[in-house]
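One structure is given here, and the rest of the page talks about it.
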Amino acid sequence: MSLLVVGLSHRSAPVSVLERAALSADAQVKLVQDTVAVEPASEAAVLATCNRIELYADVDKFHAGVAELSTLLAQHSGVGLEELTPHLYVHYEDRAVHHLFSVACGLDSMVIGEGQVLAQIKDALAGAQELHTAGRLLNDLFQQALRVGKRAHSETGIDRAGQSLVTFGLEQFAEGSTVDAWARDKRVLVIGAGSMSSLAAATLARAGVAEVVVANRTFDRAERLAELLTQQYGRRSPEQDGSGGGTAVAARAVPIDAVADELTRADVVVSCTGATGLVLTAEVVATALEGRTARPPVTGDGTRATDGTRATDGTRATDGAPARTAASAARDELPPTSVGTEDNCPLDLSAVQGTAGFSVLGEAAVAGMAAAELEQHAAWVDKGASATGSATGSEEQAADPAAETAAITALAAAAAVLGRVPERRRPEPVAEVPRPAPVLSLLDLAMPRDVDAAAHRLPGVRLVDIESLAEASADAPMAADVDQVKRIVSDEVAAFGAAQRAAHITPTVVALRTMAADVVAGEIARLDGRLPGLDDKQRSEITQTVRRVVDKLLHAPTVRVKQLAAEPGGAGYADALRTLFDLDQETVAAVSRADDRDADGSRVDGGRVAAGTTFDSNNFESAENRGRA
């Protein structure tokens, strides 16, 4: 059997595909169960995070396994196989191990070095164990991945290379400032009470927000999170606060139906639920903006204005003057649409200035001009020197007179045929309409998305979601510790592969020693028949002597075969050992089944492999140690 992983992530698929392929909790359970039901797979586990969906399986056929796992992913995700296939990646055996270890260390995360993925790997293993779809291979793999991830975070500075997705998202709002400075005294609405939502609530509470409101479909979970926030961040000493005076974070829970009302009072909204549809539509957000209470808005530097009232579009009226809309302010600040000035224009502008429907650079201004005038017009529009004037550039930049004549002739011919002169003006610069400072910051960490993407077009709203985080993380700097983590991953992959190959030969070694014990027991029984007068002490000494001889004879080959089997390509040594000693295949299989039961949590103190024979697969080393005595 061999390890196979088929999946897609933010590195292989656009967010739109990841969003559609997201699996609910029930779909994950069904996917795992269906995977072990197909012929190539004997074990299965699903790792589903905000930005990845991966199916791990122990298969006996590579090509059949890839086909089956890909088909199952498509069926349970609802995305057609033809559409999903270009975004899938496949890792096999050591490459699959390397991939999971890299994921556990945060090397494959959207934010390099984030540690929350360890909890998600732990949940994936727990789910597979609960469904009894994780055998020896996946148990060993996921448990070792957790150890490797913890080692990377404890032995290196990978934490400095990145942070959690929550912190990275909040930093997009801070825009160069610190999250603490940006978040201080803001009101926060957290939608959802899962791990990501809880992390966001705790992060913002530590930053010094004024209030955290938790909304969840299960109200008890929202209450529990609010209680934890109150206990931990409700009262802080001046030393903890760092500002000279203690602060308190108010936390409360509300039903999910109260989100619309709470939205009118919130400055920051963090949403991460398991909903399959939108939690906040653009219409709901727009309505909340119109109904916002008269609180001073947050300016770009984190302070609040104190005069005037808030307009529904997020702008502010001052000194009793009516509120100006963002659109009117933008119109007032737009630059003029004309290009250049009238200085040195070769045309008589006064003749065409009043022509309706035409600019001074258009067709009416140049109609009926001679070739020399056309040349002057073209040079003026391009902001260059007049062709009939003196040269102002270098000799290398001077135009070829023959080429100029040909160009002018062609232009005049085109004007005669088309009845107009092709313009050579450059495109006018487009002025961006200034947007008001955000009064509502939306952080959507759900997959599929919780917040309507159209909300970012609303004046006064700033939306950061998984897609925008993916774009921002592409430019995030990587710490030098990443190289050290990569070395740790490579070493751990080699060690895991060696351990798995050595474990593969263990049942054969145990079966060999079991056969040797059978031979010793048979010979001692024959000796008792031939020498019935032996007392117990004599019989014991003879028995121990024969066992020591057998142990010493088997010690060197069994130790050496395990060393060879741990090396790449060493799987064939188990077959050679079975062939040389004519071992019963069923005996070896029985040891493997007992080891699998032990991996599932049931203790194996001694399993029956043949009539009258017992073994302990966990203690076969003791026989080797006795053989060295």
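In terms of heavy atoms, Val249 sits closest to Val209 at CG2-O, 3.5 Å. Minimum heavy-atom separation, Leu229 to Ala251: CB-CB, 3.9 Å. Among all heavy-atom pairs drawn from Gly192 and Asn216, the shortest one is CA-OD1, 3.5 Å. Residue Leu138 comes nearest to Thr133 through the heavy atom pair CD1-O, 4.3 Å, listed as atom of the first residue, atom of the second, then distance. Leu443 and Phe173 make their closest contact through CB-CE1, 3.8 Å (heavy atoms, listed as atom of the first residue, atom of the second, distance). The minimum heavy-atom distance between Ala44 and Val32, with the atom names listed, is O-CG1, 3.7 Å.
Ring-plane geometry between Phe142 and Tyr56 is classed as perpendicular, the angle between the planes exceeding 60 degrees on a 0 to 90 degree scale with a lower cut at 30.
Although no hydrogens or angles enter the test, the distance criterion places a donor-acceptor pair under 3.5 Å between the side chain of Ser197 and the main chain of Cys272. Without hydrogens or angle criteria, Asp185 side chain to Ala210 main chain gives no donor-acceptor distance under 3.5 Å. Between the Glu175 side chain and the Glu171 main chain, no donor and acceptor come within less than 3.5 Å of each other. No side-chain donor-acceptor contact under 3.5 Å links Thr218 to the backbone of Asp220. When atom types are taken as modelled, the side chain of Ser468 and the backbone of Asp465 share a donor-acceptor pair closer than 3.5 angstrom. In this structure a side-chain-to-backbone donor-acceptor pair under 3.5 Å is present from Thr203 to Leu199. Remark: side-chain polar atoms of Ser177 are not paired, donor with acceptor, to backbone N or O of Ala174 under 3.5 angstrom. A donor-acceptor pair under 3.5 Å links the side-chain atoms of Ser12 to the main chain of His87, judged by distance alone.
Residues Leu107 and Ile158 meet the side-chain proximity criterion, which asks for heavy atoms closer than 4.5 Å. Inter-residue side-chain proximity for Leu125 and Asn139 is flagged as met; some heavy-atom pair is nearer than 4.5 Å. The closest side-chain heavy-atom distance from Lys30 to Asp26 is not below 4.5 Å. Inter-residue side-chain proximity for Leu47 and Val103 is flagged as met; some heavy-atom pair is nearer than 4.5 Å. Counting heavy atoms from C-beta on, the side chains of Met447 and Asn51 never come closer than 4.5 Å. Contact of the Arg206 side chain with the Gln232 side chain is not registered, since no non-hydrogen atoms from C-beta on lie closer than 4.5 Å. The closest side-chain heavy-atom distance from Leu225 to Ser198 is below 4.5 Å. A heavy-atom distance below 4.5 Å is found between the side chains of Val268 and Trp182.
Summarising the local packing, CD of Gln33 is surrounded by more than 12 heavy atoms from other residues, nucleotides or ligands at distances under 6.0 Å.
A salt bridge (charged side-chain N to carboxylate O under 4.0 Å, His left out) check over residues 141-150, counting only residues at least two apart or in different chains, returns nothing. The side chain to side chain donor-acceptor pair (under 3.5 Å) pairs that include a residue from residues 70-80 are Asp34-His76, where partners are two or more places apart or lie in different chains. Sequence neighbours left out, not one pair with a member in residues 276-288 passes salt bridge (charged side-chain N to carboxylate O under 4.0 Å, His left out).
With values rounded to the nearest 0.5 angstrom, Thr264 atom OG1 is found 12.0 Å from Glu290 atom CD. Between atom CG of residue Leu170 and atom OG of residue Ser441 there is a gap of 9.0 Å, rounded to the nearest 0.5 Å. The distance from the CG atom of Leu463 to the CD atom of Glu467 is 10.0 Å, given to the nearest 0.5 Å. Taking OG1 of Thr49 as the reference point, atom CD of Glu54 lies at 7.5 Å (rounded to 0.5 Å). Distance check: Leu263 CG to Leu440 CG gives 5.5 Å after rounding to the nearest 0.5 Å. Atom CG of residue Leu23 and atom CG of residue Leu73 lie 7.0 Å apart, to the nearest 0.5 angstrom.
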Please lay out, stage by stage, how Leu146 and Leu118 fare under the test side-chain contact (heavy atoms from CB on, under 4.5 Å).
CA-CA 6 Å; Leu146 293 172; Leu118 287 173; 4.2 Å; yes

- request: Just do the side-chain contact (heavy atoms from CB on, under 4.5 Å) check on Val489 and Cys105 with the steps written out, would you?
  value: CA-CA 8 Å; Val489 170; Cys105 294; 3.8 Å; yes

**Report entry** Intermediate values then yes/no, salt bridge (charged side-chain N to carboxylate O under 4.0 Å, His left out), Glu211 and Lys186
**Finding:** CA-CA 7 Å; Glu211 181 185 40; Lys186 284 184 168 60; over 6 Å; no

* To do: Determine, stepwise, if the pair Ile256 / Ile191 fulfils side-chain contact (heavy atoms from CB on, under 4.5 Å).
  => CA-CA 8 Å; Ile256 195 68; Ile191 305 176; 3.9 Å; yes

- Check the pair Thr230, Glu227 against side-chain contact (heavy atoms from CB on, under 4.5 Å), reporting the backbone distance first and the verdict last. CA-CA 5 Å; Thr230 301; Glu227 290 175 2; 5.7 Å; no

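Under the side-chain contact (heavy atoms from CB on, under 4.5 Å) criterion, Ala275 pairs with Arg217, Thr273, Val279, Asp450, sequence neighbours left out. In this structure, the salt bridge (Lys or Arg N to Asp or Glu O under 4.0 Å) partners of Glu262, at least two apart in sequence or on a different chain, are Arg252, Arg265. For His98, there are no ring pair (Phe, Tyr, Trp, His ring centres under 6.0 Å) partners, not counting sequence neighbours.
Salt-bridge formation is detected for the pair Arg52/Asp108: a Lys NZ or Arg NE/NH1/NH2 atom is positioned less than 4.0 Å from an Asp or Glu carboxylate oxygen. Residues Asp444 and Arg449 are not paired through a salt bridge, judged by the lack of any N-O separation under 4.0 Å between the basic side chain and the carboxylate.
Tested against Leu69 for a side-chain contact (heavy atoms from CB on, under 4.5 Å), the candidates Thr35, Val90, Leu88 yield a single pass: Thr35.
Ring centroid separation for the pair His99 and Phe101 does not come in under the 6.0 Å cut-off.
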